[in-house]
Amino acid sequence: MHNKVDSLPVRSDPPTRPISRHHSTSFVHRVKESLTTRVSKVICAIFLSLLLCLGIIFFILWISLRPHRPRVHIRGFSISGLSQSDGFETSHISFKVTAHNPNTNVGVYYDSMQGSVYYKEKRVGSTKLTHPSYQGPKNTSWIDGALRGSTMAVNKDRWMEIERDRNQGKIVFRLEVVSVIRFKVYTWHSKSHKMYANCYIEVGWDGMLLSGTKDKRCPVYFT
């Protein structure tokens with residue numbers, strides 16, 4: 001009788017399944033897509049950072065180089081002959097204003113300047129003020145003007161109105177200074193601008209500028 005030898009169970013590894021070609025291709029595609037996305041984000045971040053830096057630089061340059069209009073102040077004004085009934089025949093007006101360039105890096109060219117005096121919005125007279133000139137940054141120019149003789153346009157009726165206002169305590173005039181100006185930034189010159197400065201003036205019984213309007217800043221605008 002033969003003894004039966006029990007056979008030991010043999011463990012066999014499961015067969016290795018081959019990697020699907022489709023799965024491998026999909027994985028590689030996702031890796032490439034992820035790398036492309038990251039590179040794109042880095043490039044966009046660099047571009048936006050450069051754009052922001054350039055924007056800040058241009059803003060600072062614009063703030064520092066942006067031209068500011070000149071500042072005009074009335075410094076003196078007088079009219080003679082107010083105590084005379086026929087003073088309109090011999091009277092004259094004199095005035096002083098200052099034009100200040102507030103810019104730090106911008107110069108101003110004054111190609112022309114005209115001064116006109118108005119009483120109740122009717123012109124009393126007009127005169128040329130300065131020859132073409134250049135004003136450097138942070139500089140102040142004194143401008144004198146005078147109206148007399150042919151530059152005055154006051155008749156007897158107008159003079160009587162002025163006398164009535166004088167007897168009531170004050171006479172109100174308006175001095176208009178019209179200039180053609182250009183700005184200069186280093187070697188660059190702007191186009192011409194027409195600048196208007198309106199100075200409202202109060203004169204006392206003696207024909208002199210009242211303290212309430214002396215050194216007053218005149219509104220300035222461009223056209």
(message) If you count heavy atoms of other groups shown closer than 6.0 angstrom to NZ of Lys170, is the number above 12?
(response) no

Taking distance alone, no hydrogens or angles, what donor-acceptor pairs closer than 3.5 Å link side-chain atoms of residues 40-49 to residues at least two apart or in another chain?
unit_1	atom_1	unit_2	atom_2	d
Ser40	OG	Thr36	O	2.8
Ser49	OG	Ala45	O	2.8

(message) Tell me if a side-chain donor or acceptor on Tyr119 pairs with a main-chain N or O of Glu161 at a distance below 3.5 Å.
(response) yes

(message) Within the 3.5 Å criterion, strictly below it, is a donor on Asn103 or Asn101 matched to an acceptor on the partner's side chain?
(response) yes

(request) Mind checking the CD-CG spacing from Glu202 to Asp165? Nearest 0.5 Å is all I need. (result) 11.0 Å

(message) Which heavy atom of Val154 sits nearest to which heavy atom of Phe88, and what is that distance?
(response) O-CD1, 3.5 Å

(message) Nearest 0.5 angstrom please: Lys120 NZ to Phe173 CZ, how far?
(response) 10.5 Å

(message) To the closest 0.5 Å, what do you measure between CZ (Arg174) and NZ (Lys122)?
(response) 14.0 Å

(request) Test side-chain contact (heavy atoms from CB on, under 4.5 Å) on Asn105 and Tyr186 and set out the steps. (result) CA-CA 8 Å; Asn105 300 301; Tyr186 299 111; 4.3 Å; yes

(message) Does the structure place the NZ or CZ of Arg69 under 6.0 Å from the centre of the six-membered ring of Phe222, at an angle of no more than 45° from the ring's axis?
(response) yes

Listed pairs under 3.5 Å, donor-acceptor, residues 109-118 side chains, sequence neighbours left out:
unit_1	atom_1	unit_2	atom_2	d
Tyr110	OH	Gln135	OE1	2.9
Asp111	OD1	Arg182	NH2	3.1
Asp111	OD2	Arg182	NE	2.9
Gln114	NE2	Ser126	OG	3.0
Ser116	OG	Ser126	OG	2.9

(message) If you define the side chain from C-beta out and look only at heavy atoms, does anything of His193 sit under 4.5 Å from Phe183?
(response) yes

(request) Name all pairs fulfilling the disulfide (SG to SG under 2.5 Å) condition that reach into residues 90-168, sequence neighbours left out, sorted by first residue then second. (result) none

(message) If I take atom CZ from residue Phe95 and atom CG from residue Leu209, how far apart are they, to the nearest 0.5 angstrom?
(response) 12.5 Å

(request) Tell me, please, which residues at least two apart from Arg166 pass salt bridge (charged side-chain N to carboxylate O under 4.0 Å, His left out). (result) Glu163

(request) Measure the shortest side-chain to side-chain distance between Trp159 and Asp86 over non-hydrogen atoms and say whether it is less than 4.5 angstrom. (result) no

(message) Treating Lys184 as the side-chain partner and Val108 as the backbone partner, does any N or O pair qualify as donor plus acceptor under 3.5 Å?
(response) no

(message) Looking at every non-hydrogen atom in both residues, tell me the closest pair between Trp188 and Ser190 and how far apart they are.
(response) CH2-CB, 3.5 Å

(request) Look only at the side chain of Ser80 and the backbone of His92, and say whether a donor-acceptor pair between them is shorter than 3.5 Å. (result) yes

(request) To the nearest 0.5 Å, tell me how far Ile162 CD1 sits from Ile171 CD1. (result) 6.5 Å

(message) Can you pull out every disulfide (SG to SG under 2.5 Å) where at least one residue sits in residues 100-216? Sequence neighbours excluded, please.
(response) Cys199-Cys218

(request) Sort and list the pairs that fulfil side chain to side chain donor-acceptor pair (under 3.5 Å) and have at least one residue in residues 209-223, not counting sequence neighbours. (result) Arg75-Asp215

(request) Please round to the nearest 0.5 Å and tell me the distance separating atom OG of Ser179 and atom CD1 of Ile143. (result) 6.5 Å

(request) Determine, using the 4.5 Å side-chain heavy-atom cutoff (strictly less than), whether Ile74 and Val220 are members of one ILVMFWY cluster. (result) yes

(message) Is there a path of hydrophobic side-chain contacts, each under 4.5 Å between heavy atoms, that joins Met195 and Val178?
(response) no

